[in-house]
Amino acid sequence: MENVTVSCQWLEEHLHDDNIVILDASMAKVVGKTPLEYPTLQVIPTSLRCDLEKDLCDLQSESVNAFPTKQQFETALAKFGITKHNTVVVYDNQGVYSSPRAWWIFKSMGFDNVCILDGGLPQWLKEHREVDTKHKVYANDNSNVFTATYQANNVCHADYVLGTIADEHVTVVDVRSPSRFSGIEKEPRVGVRSGHIPNAINIPFGQVLDGFTFKTPEALTTLFNDRLPDTTNQLVFTCGSGITACIVLAAAHITGFTDLVLYDGSWSEWGSSNYPIET
């Protein structure tokens with residue numbers, strides 16, 4: 001599947017297809033926006049619970065919300081019963097928040113048949129579609145295990161970002177709020193400096209959204225054309241800890257950008273080190 005997103009209408013029509021696997025990639029902690037709260041658990045029917053902070057996170061790493069290892073990813077897919085023959089749809093309960101992170105992990109592990117539910121659970125509810133009160137039980141089918149092929153160019157580390165600061169063909173896109181980007185607002189993590197990576201530009205993740213869903217491709221194209229230097233060939237995305245950066249990365253993918261990189265350590269790493277900063 002080449003589409004970055006699918007609509008709620010599409011998913012409802014394919015909800016019970018044998019090859020469709022739906023993953024709820026909601027996170028308990030929401031940063032950078034006022035979280036949507038639910039009095040009781042509501043989930044899209046047939047969806048499995050995917051814990052980004054455990055199932056798809058390298059807990060041995062010192063980085064916050066670190067990218068999973070190849071083995072971790074394969075173990076998670078085996079637990080979910082996902083094979084290369086499946087199409088995976090990821091969503092979250094905030095609209096579009098943590099689901100793009102799960103999408104990029106899948107893409108970066110060589111699993112291309114994955115897409116984001118545009119608008120997630122809030123859009124599903126807004127359209128008055130059926131919900132369940134519990135997730136589907138894990139398939140636990142270890143047959144036909146998917147073999148990951150890590151796409152190393154999809155993810156970078158601090159030293160790579162440092163080496164691109166003066167490169168006019170690479171633009172670092174920081175998706176945090178303007179007040180955090182400028183250093184006016186104190187960082188939420190203890191010991192992390194305020195400011196941003198030198199020469200980075202600020203596109204807060206909310207600017208690529210229209211309510212719960214992504215803006216239209218035309219509106220996104222206008223946004224990126226207005227904000228990016230004409231010399232840009234590669235986009236490197238950063239946020240607080242590598243989660244919301246994937247929202248704007250996915251938006252760039254929708255508009256046709258292809259050389260996209262996630263700085264996984266993001267500001268939690270950069271701001272707690274001796275790397276240069278601007279305010």
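Residues take their numbers from the sequence shown, with the count starting at 1.
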Residue pair [X] / [Y], side-chain heavy-atom distance below 4.5 Å:
{"X": "Thr279", "Y": "Ser194", "value": "no"}
{"X": "Glu127", "Y": "Glu12", "value": "no"}
{"X": "Cys239", "Y": "Phe205", "value": "no"}
{"X": "Pro100", "Y": "Leu249", "value": "no"}
{"X": "Phe146", "Y": "Asn86", "value": "no"}
{"X": "Leu235", "Y": "Leu228", "value": "yes"}
{"X": "Phe224", "Y": "Ile203", "value": "yes"}
{"X": "Leu52", "Y": "Ile105", "value": "yes"}

Treating [X] as the side-chain partner and [Y] as the backbone partner, does any N or O pair qualify as donor plus acceptor under 3.5 Å?
{"X": "Trp124", "Y": "Gly119", "value": "no"}
{"X": "Tyr275", "Y": "Val161", "value": "no"}
{"X": "Gln94", "Y": "Pro35", "value": "no"}
{"X": "Asp132", "Y": "Lys134", "value": "no"}
{"X": "Asp226", "Y": "Leu223", "value": "no"}
{"X": "Glu278", "Y": "Gly195", "value": "no"}
{"X": "Asp118", "Y": "Phe214", "value": "yes"}
{"X": "Thr255", "Y": "Leu220", "value": "no"}
{"X": "Lys107", "Y": "Val114", "value": "no"}
{"X": "Thr238", "Y": "Asp174", "value": "no"}

What I want to check is whether the side chains of [X] and [Y] have a donor and an acceptor closer together than 3.5 Å.
{"X": "Asp24", "Y": "His135", "value": "yes"}
{"X": "Arg129", "Y": "Gln9", "value": "yes"}
{"X": "Tyr263", "Y": "Glu269", "value": "yes"}

Counting only heavy atoms from other residues, nucleotides and ligands, does the tally under 6.0 Å from [atom1] of [X] exceed 12?
{"X": "Asp18", "atom1": "CG", "value": "no"}
{"X": "Asp259", "atom1": "CG", "value": "yes"}
{"X": "Gln60", "atom1": "CD", "value": "no"}
{"X": "Asn274", "atom1": "CG", "value": "no"}

- prompt: Any cation-pi pair here, Arg176 with Trp267, using under 6.0 Å and within 45°?
  reply: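 Yes.
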How far does [atom1] of [X] sit from [atom2] of [Y], to the nearest 0.5 angstrom?
{"X": "Ser266", "Y": "Ile243", "atom1": "OG", "atom2": "CD1", "value": "9.0 Å"}
{"X": "Ile116", "Y": "Trp104", "atom1": "CD1", "atom2": "CH2", "value": "10.5 Å"}
{"X": "Tyr91", "Y": "Leu121", "atom1": "OH", "atom2": "CG", "value": "6.0 Å"}
{"X": "Asp167", "Y": "Thr232", "atom1": "CG", "atom2": "OG1", "value": "9.5 Å"}
{"X": "Ser99", "Y": "Leu117", "atom1": "OG", "atom2": "CG", "value": "7.5 Å"}
{"X": "Ser241", "Y": "Arg101", "atom1": "OG", "atom2": "CZ", "value": "7.5 Å"}

[X]-[Y] co-clustered via ILVMFWY side chain contacts under 4.5 Å:
{"X": "Tyr38", "Y": "Ile44", "value": "yes"}
{"X": "Phe73", "Y": "Leu23", "value": "yes"}
{"X": "Phe237", "Y": "Phe181", "value": "no"}
{"X": "Leu262", "Y": "Val236", "value": "no"}
{"X": "Phe106", "Y": "Val21", "value": "yes"}

task: Start with the C-alpha distance between Trp270 and Leu162, add both sets of side-chain angles, then the distance that settles side-chain contact (heavy atoms from CB on, under 4.5 Å), and finish with yes or no.
output: CA-CA 10 Å; Trp270 192 279; Leu162 183 65; 4.1 Å; yes
message: In this structure, is the centre-to-centre distance between the rings of Tyr138 and Phe80 below 6.0 Å?
response: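 Yes, ring centres under 6.0 Å apart.
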message: Is there a side-chain contact (heavy atoms from CB on, under 4.5 Å) between Val208 and Lys215? Walk through the geometry before answering.
response: CA-CA 6 Å; Val208 304; Lys215 290 181 176 177; 5.6 Å; no
query: Can you name the ring-ring contact (aromatic ring centres under 6.0 Å, His included) partners of His157, sequence neighbours left out?
result: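 None.
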field: Criterion side-chain contact (heavy atoms from CB on, under 4.5 Å) on Thr133 and Thr40, from CA distance to verdict
entry: CA-CA 8 Å; Thr133 57; Thr40 58; 5.8 Å; no
- request: Any chance you could lay out the side-chain contact (heavy atoms from CB on, under 4.5 Å) test for Ile197 and Ile165, step after step, and finish with the verdict?
  value: CA-CA 8 Å; Ile197 296 168; Ile165 286 176; 4.3 Å; yes
- prompt: Are Glu187 and Arg193 close enough for a salt bridge, meaning some N to O gap below 4.0 Å?
  reply: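 Salt bridge flag = no for Arg193 with Glu187.
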